[in-house]
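Take a look at the structure below.
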Amino acid sequence: MANYGTDGSDDLDWDLEDVVVTEPVATVSCNGEASSSAGPSNSNLVSHFVGMGFPREAVAKAIRENGEGNSEAILESLLTQAALAESPDSPECEHACSDLFSSESADDFIYDLSDSDSDWASEEKVDNLSEKDRTLKLLETMGYPLDEVAIAMDRCGPNASIEEMTDFLCAAQVARSADAFFYDREEEQNKKRRHFEEENRWKRKKEKRFERIDECDDTTHLPNPMVGFGLPDTRLVVKRTLPEAAVGPPYFYYENVALAPRGVWNTIARFLYEIEPEFVDSKFFSAAARKRGYIHNLPINNRFPLKPIPPQTIHEAFPSTKRWWPAWDRRTKLNCVQTATASAKLTERIRKALEGWEDSDPPLKVQHDVLHECKKWNLVWVGKNKAAPLEPDEIEMLLGFPKNHTRGGGISRTERYRALGNSFQVDTVAYHLSVLKEMFPNGISVLSLFSGIGGAEVALDRLGIPLKNVVAVEISEASRSIFRSWWEQSNQKGNLIDISDVQKLDADKLEQLISSFGGFDLVVGGSPCNNISGSNRVSRDGLEGKHSSLFYDYFRILNQVKAIMTKT
DNA sequence: GAGAAGATGAGAGGGTCC
DNA sequence: GGACCCTCTCATCTTCTC
């Protein structure tokens with residue numbers, strides 16, 4: 001049920017709104033000649049602004065002043081005109097203000113007083129009060145809020161008459177109403193501006209789309225469902241022939257977010273031998289979605305999944321949540337695990353929103369809002385009305401890492417979330433890399449760029465492929481520490497070399513590494529997505545962004561490795 | 001000062017309706 | 001086919017806390 005104000009202020013706002021709506025027309029219509037000047041050449045523009053609610057004459061004037069080509073300036077001018085027409089100094093507003101002191105209003109006060117039979121109005125009691133208290137009670141009985149009366153008494157002094165006090169209170173109310181009025185007008189203007197901008201945005205979008213069609217179609221069509229070149233237990237229907245330049249050695253495997261800005265995947269593919277990306281959503285491998293694109297030169301026949309098959313639904317992954325899961329939350333899979341997590345304040349707001357609906361489902365609006373937050377932040381139900389973000393160890397499980405993979409060793413909770421949010425989904429990657437098992441029974445040498453917490457290495461290890469040599473390049477000290485810790489704990493027999501920055505990995509260093517290892521069998525990595533991810537609200541600059549431009553280092557290093565290995 | 005917590009949209013694709 | 005709405009997204013920046 002909606003709550004309405006009880007102090008009468010709503011009525012006041014409605015009255016003012018009625019006055020306001022009529023004013024711009026009356027004021028602007030003074031320029032009657034303007035309407036005829038809007039010639040046929042700009043009739044569409046006139047219709048456009050008239051459609052937004054501006055008077056035709058005002059539109060014509062604004063077009064004359066700003067020119068047809070500058071629609072934003074026209075809008076500004078129209079908004080300014082409307083604001084001036086409704087300013088408190090204008091005669092129209094004075095009229096509106098004077099209404100507040102009209103006889104009708106006074107009648108209301110009288111009615112209130114005469115009709116009052118409360119104890120407050122009892123003559124006997126009033127007689128017993130001090131002069132100040134009597135004034136206060138009288139004004140309150142007249143309908144003024146107590147706190148405002150107190151302020152008025154303070155400002156007007158103890159000896160002020162009732163008339164002086166009512167003058168002060170009326171003036172305060174008028175001022176407040178004017179504020180509300182201007183706020184409303186501002187809102188209305190903002191609404192118009194938003195509407196205008198939205199329309200322009202769509203226009204630009206449409207134009208861009210046609211421009212693109214004219215030039216070349218740089219759109220990447222994401223498959224729906226996003227199953228890549230095939231899933232376990234499904235018949236492979238995809239056949240591909242790699243360009244000659246793409247054929248290994250070494251094999252390479254590149255990963256990034258699927259939902260990149262337009263043109264990004266085309267550019268990546270262009271640099272990586274024109275190989276078609278394989279777009280896969282990890283929800284087909286686990287209980288959480290993770291839409292990623294992979295470009296690789298691996299065979300795609302005879303892949304097999306990691307065993308045991310991980311939980312495929314939320315309830316399989318977190319059975320204890322089933323008890324608390326509301327029937328109206330029909331999620332079976334979680335959304336993409338990201339680097340940030342929900343705040344305690346949010347989960348508190350959810351709890352409070354659901355309290356009071358013990359015996360029935362909350363209203364649809366509440367359900368909708370709560371579900372929106374649950375999906376956005378990947379919340380699960382851990383108690384009555386208690387939604388909670390995933391714990392880091394739960395995310396480790398969802399992503400296919402061993403329990404406590406990121407825990408301890410000086411790694412903070414925030415660093416764990418960040419590192420996990422940036423990593424591979426191990427089961428998905430392992431499915432693609434599984435074809436290497438037959439080829440490298442005695443072990444594999446891996447150049448792991450942007451290695452993070454070692455998703456690729458964990459996948460190879462879980463596939464049973466021995467890690468002979470691993471050169472891991474990762475800028476985050478925390479991630480390097482996590483990976484090295486896993487390497488030591490999992491009793492790896494091979495060599496691990498870690499390097500802190502891909503930009504330090506030049507041709508000389510690569511030559512040195514290749515000569516000591518006899519070459520790399522696999523170059524794997526997912527370059528930073530910071531400037532590509534849809535979650536980035538500040539610098540989604542695509543492949544030219546500060547972080548994501550490191551893709552070109554992946555390309556550079558891969559080419560250098562190929563060149564050096566061909567030479568030797 | 002470092003780490004944690006909290007607040008902050010926009011862009012792109014897909015679905016639905018007309 | 002276009003308009004509109006909904007959903008989803010490997011994040012970033014500021015403020016708070018210790």
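We name chains A, B, ... by the order of the sequence lines, and we start the count at 1 in each one.
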Next on the checklist: Tell me whether the rings of A/Phe285 and A/Tyr431 are parallel (<30°), tilted (30 to 60°) or perpendicular (>60°).
Outcome noted: tilted
Item to check | Closest-nucleotide 5' rank along DNA chain B - winner of A/Ala344 and A/Pro223 | outcome: A/Ala344
Taking distance alone, no hydrogens or angles, what donor-acceptor pairs closer than 3.5 Å link side-chain atoms of residues 377-384 of chain A to residues at least two apart or in another chain?
residue, atom, partner, partner atom, Å
A/Trp377, NE1, A/Glu373, OE1, 3.4
A/Asn378, OD1, A/Asn335, N, 2.7
A/Asn378, ND2, A/Asn335, O, 2.8
A/Asn378, ND2, A/Cys336, O, 3.3
A/Trp381, NE1, A/Asp329, OD2, 2.8
A/Lys384, NZ, A/Glu358, OE1, 3.2

Next on the checklist: Is it true that, when you exclude A/Glu316 itself, more than 12 heavy atoms of the residues, nucleotides or ligands shown sit nearer than 6.0 Å to its CD?
Outcome noted: yes
Checklist entry - Do A/Pro392 and A/Leu420 come close enough that some side-chain heavy atom pair is under 4.5 Å? => result yes
Item to check | Between A/Tyr417 and A/Thr406: side-chain donor-acceptor atoms closer than 3.5 Å | outcome: no
Next on the checklist: I need the CD1-P distance between A/Ile350 and B/dG6, as an integer number of Å.
Outcome noted: 13 Å
Checklist entry - Whole-Å distance between C/dT9 P and A/Gln338 CD? => result 6 Å
Checklist entry - To the nearest angstrom, how far is A/Arg418 atom CZ from B/dA5 atom P? => result 13 Å
Item to check | Integer angstrom distance from the C1' of B/dG9 to that of C/dC6 | outcome: 15 Å
Checklist entry - Which part of the nucleic acid does A/Arg413 contact within heavy-atom distance under 4.0 Å: base, sugar-phosphate only, or nothing? => result sugar-phosphate
Item to check | Salt bridge present between A/Arg413 and A/Glu391 (N-O < 4.0 angstrom) | outcome: yes
Checklist entry - So does A/Lys509 pair up with A/Asp506, basic N to acidic O under 4.0 Å? => result no
Next on the checklist: Looking at A/Thr414, I'd like to know whether one of its side-chain N or O atoms comes within less than 4.0 Å of OP1 or OP2 on B/dA4.
Outcome noted: yes
Next on the checklist: Let's see if you can work this out: which of C/dC10, B/dG11, B/dT8 has an atom nearest to the side-chain heavy atoms of A/Arg540?
Outcome noted: B/dG11
Next on the checklist: Using whole Å, what does the distance between atom C1' of nucleotide C/dT9 and atom NE2 of A/His372 come to?
Outcome noted: 12 Å
Checklist entry - According to the interplanar angle, ranging from 0 to 90°, do the rings of A/His372 and A/His368 count as parallel (below 30°), tilted (30 to 60°) or perpendicular (above 60°)? => result parallel
Next on the checklist: Using a heavy-atom cut-off of 4.0 Å across all strands, would you classify A/Glu415 as base, sugar-phosphate, or nothing?
Outcome noted: nothing
Checklist entry - With sequence neighbours left out, what residues match A/Lys562 under salt bridge (charged side-chain N to carboxylate O under 4.0 Å, His left out)? => result none
Item to check | Atom-to-atom span, CH2 of A/Trp377 to C1' of B/dG9 - whole angstrom | outcome: 12 Å
Taking only N/O atoms, report every protein-nucleotides 15-17 of chain B pair under 3.5 Å with atom names and distance.
none

Checklist outcome for this item: Output field dot_bracket for DNA chain C (Watson-Crick or G-U, both distances under 3.5 Å, | for other-strand pairs) contains |||||||||.||||||||
Checklist entry - Is it the case that more than 12 heavy atoms not belonging to A/Arg240 sit under 6.0 Å from its CZ atom? => result yes
Next on the checklist: Can you list, in residue-number order, the parts of residues 525-538 of chain A that come under 4.0 Å of DNA chain B, counting heavy atoms only?
Outcome noted: A/Gly534, A/Ser535, A/Asn536, A/Arg537
Next on the checklist: Whole angstroms only, please: what is the CD1-C1' distance between A/Ile475 and C/dC10?
Outcome noted: 16 Å
Item to check | Interatomic distance where CG belongs to A/Leu259 and P belongs to B/dA10 [whole Å] | outcome: 19 Å
Next on the checklist: With a cut-off of less than 4.0 Å, is there a side-chain N or O of A/Thr341 near OP1 or OP2 of B/dA5?
Outcome noted: no
Checklist entry - Who passes salt bridge (charged side-chain N to carboxylate O under 4.0 Å, His left out) against A/Lys345, sequence neighbours left out? => result none
Checklist entry - How far apart are the C-alpha atoms of A/Arg290 and A/Ser282, what are their side-chain angles, what is the distance that settles it, and do they pass the side chain to side chain donor-acceptor pair (under 3.5 Å) test? => result CA-CA 5 Å; A/Arg290 203 168 187 80; A/Ser282 291; 5.9 Å; no
Next on the checklist: In this structure, how many angstroms lie between the C1' atom of B/dG14 and the CZ atom of A/Arg262, rounded?
Outcome noted: 13 Å
